[in-house]
**Student:** 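Can you keep this structure in mind? I'll have questions shortly.
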Amino acid sequence: MAEAVEEGVNAAGEKDGRRWLTPGVAGIGSASFLADVGHEVPTALLPSLLTSSLSASAAALGVIEGVSDGLAGAARLAGGALADDPGRRRKVAVGGYTTTAALGALIGAATSVWQVALLRAGAWTARGLRVPARNALLADMVPASAYGRAYGFERAMDNLGAIVGPLLALGLVTLVGVKWAIGLSVIPGVLAALAIVYAIRCAPRAEQRERQPIRLRLHPVLRGRLGRLLAGIAAFEVGNVAATLLILRATEQLTPGHGVESATRLALVLYIGYNLAATIASIPAGRLSDQLGTHGPVLVLTAGVALFALAYAGFATSTTNLILLAVPFVLAGIGIGAVETAEHAAVAALAPNDARGSAFGLLATVQALGNVAASAVAGVLWTAVSPTVAFAYLVGWMLLALIGLLATARR
């Protein structure tokens, strides 16, 4: 029976493969773009608000961001349990986008550090809750043969928002100042909530199920091929550092030849190039994932991890040449565009329908907690030994992930 259903889905996918960019998919992509623009504005301006306006220390910023990231990771796991139910996942998605926009914008009105901490933590918790719901909704809207293109489009729009958001923040600060700029970030945030409402209205009718208790379904997610895939993804994420460390590496290497201010600007240009490469690579990576058939997502994921290994090897070397520094930024950008697209497409294809929310929740949690661990360990190695050793450590995790993913693809 299961094989017959799978064959029917695949047949439908081949028939409708060219119609993957439906209004619902476009709505989710628009929500990702607008939401990223909305939360990148307060993120870009938070250091200035805390240190200049509220006279807080860099340590306060670190604690606020660390706690917020930790809560977001835990919320993604809880959001996965909520998203298993098709009807409930729609409410969580709308509520998550709306709450993130409101709390993030209210940071601009904060008059003390503790208020900023509470609002940031609340916004990031809501953001974490909505992620599995959004990813599960997207899987509801397209045939299995188009998962790669659908998730590639969503990732491309998200990465595009990461480019537009900081640029918008820079323009708003010039016009209205830091606090008003953060407050105005509510506009793209609310538009993102409206976009997800539109996407839900365009989606197929939610499957009617008997209401089940809210619980995370780990057993059907961790067994079989999906479990092996998640193990490989975990190895990758434990070596996937925050992009801020890449920016720091470029700044330190460019400073002797250009000075601190010019080096900082050039490093930010390289970071924009990283996001641009990720934006451009996402949709082709998704298309290739669909064209390669059953093993497509795992193969594209493996290729993306290989690009990361090359990029980190480039960052491990010492150079003051801007072109040589740009190469690993571009490789990492293409790599993250391929990896994020393929991760989501693979989980959508392999997860049982009734545990899809839990699967995406576990994936999002592995991504969040793995990134925290990668950045923390790499930062310690960077300070205690050298940047070269830190990036060599990350290359080791990429190679371990490659071994696991290649074994998964063969099996």
Side-chain angles (χ1 to χ4, degrees), residues 43-44 46-47 50-51 56-77 113 117 120-121 124 128 230-256 260 263-264 267-268 270-271 274 304-320 324-325 327-329 331-333 335-336 339-340 363-404:
T43 296
L46 193 61
L50 283 170
T51 57
S57 64
L61 174 62
V63 170
I64 289 172
E65 290 296 84
V67 170
S68 298
D69 286 340
L71 289 172
R76 292 179 183 193
L77 202 58
V113 175
R120 182 71 166 175
W124 248 226
L230 286 171
I233 289 174
F236 164 76
E237 297 296 350
V238 174
N240 179 23
V241 294
T244 48
L245 288 180
L246 310 185
I247 297 170
L248 178 61
R249 178 61 167 159
T251 303
E252 288 186 349
Q253 296 200 87
L254 290 170
T255 295
V260 175
T264 301
L268 291 176
L270 291 173
Y271 177 55
Y274 164 89
V305 173
L307 289 175
F308 261 97
L310 293 173
Y312 286 160
F315 284 116
T317 62
S318 296
T319 179
T320 58
L324 294 179
L325 273 174
V327 171
F329 271 95
L331 288 175
I336 198 63
V339 165
E340 289 186 341
L363 171 65
T365 303
V366 167
Q367 290 170 331
L369 299 183
N371 295 165
V372 171
S375 299
V377 175
V380 170
L381 289 173
W382 188 312
T383 304
V385 189
S386 71
T388 297
V389 171
F391 281 102
Y393 162 80
L394 299 174
V395 170
W397 278 109
M398 294 300 112
L399 295 177
L400 186 61
L402 279 174
I403 293 171

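No hydrogens, no waters, no symmetry mates; every other heavy atom, side chains included, goes into these values.
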**Student:** Applying side-chain contact (heavy atoms from CB on, under 4.5 Å), can you list everything that pairs with T251, at least two apart in sequence or on another chain?
**Tutor:** I247, T255, A263, T264, A267

**Student:** Report the residues that fulfil salt bridge (charged side-chain N to carboxylate O under 4.0 Å, His left out) with R249, sequence neighbours left out, ordered by chain and then residue number.
**Tutor:**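 So R249 forms no salt bridge (charged side-chain N to carboxylate O under 4.0 Å, His left out) with any residue.
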
**Student:** What residues form a salt bridge (charged side-chain N to carboxylate O under 4.0 Å, His left out) with E340, not counting sequence neighbours?
**Tutor:**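 Here the qualifying residues are R155.
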
**Student:** Are E252 and L248 side-chain neighbours, meaning at least one heavy-atom pair lies under 4.5 Å?
**Tutor:**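 Side chain of E252 against side chain of L248, heavy atoms only: contact under 4.5 Å found.
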
**Student:** Only counting residues at least two apart or in another chain, list the ones meeting ring-ring contact (aromatic ring centres under 6.0 Å, His included) with Y312.
**Tutor:**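 Partners of Y312 by the ring-ring contact (aromatic ring centres under 6.0 Å, His included) criterion, ordered by chain and then number, come out as F308, F391.
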
**Student:** Can you name the residues that form a side-chain contact (heavy atoms from CB on, under 4.5 Å) with A401, not counting sequence neighbours?
**Tutor:** A235, F236, V305

**Student:** Tell me, please, which residues at least two apart from Q253 pass side-chain hydrogen bond (donor to acceptor under 3.5 Å, both in side chains).
**Tutor:** none

**Student:** Taking side-chain contact (heavy atoms from CB on, under 4.5 Å) as the definition, give me every residue that meets it alongside L71, ordered by chain and number, with sequence neighbours left out.
**Tutor:**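 With sequence neighbours excluded, L71 shows a side-chain contact (heavy atoms from CB on, under 4.5 Å) to V67, A121, T125, given in chain and number order.
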
**Student:** Got V327 and L310 here, is their nearest side-chain heavy-atom distance under 4.5 Å?
**Tutor:**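 In short, these two side chains do not touch, never coming nearer than 4.5 Å.
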
**Student:** Please list all pairs passing the side chain to side chain donor-acceptor pair (under 3.5 Å) test where one or both residues lie in residues 392-403, with sequence neighbours left out.
**Tutor:** Y393-W397

**Student:** Residues in side-chain contact (heavy atoms from CB on, under 4.5 Å) with I403, at least two apart?
**Tutor:**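 side-chain contact (heavy atoms from CB on, under 4.5 Å) list for I403, sorted by chain: empty.
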
**Student:** For R120, which residues count as a side-chain hydrogen bond (donor to acceptor under 3.5 Å, both in side chains) partner, sequence neighbours excluded?
**Tutor:**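 So R120 forms a side-chain hydrogen bond (donor to acceptor under 3.5 Å, both in side chains) with T43, E65.
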
**Student:** Please examine the side chains of L50 and I64, heavy atoms only from C-beta on, and report whether any two atoms are closer than 4.5 Å.
**Tutor:**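 Yes, close enough: below the 4.5 Å cut-off.
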
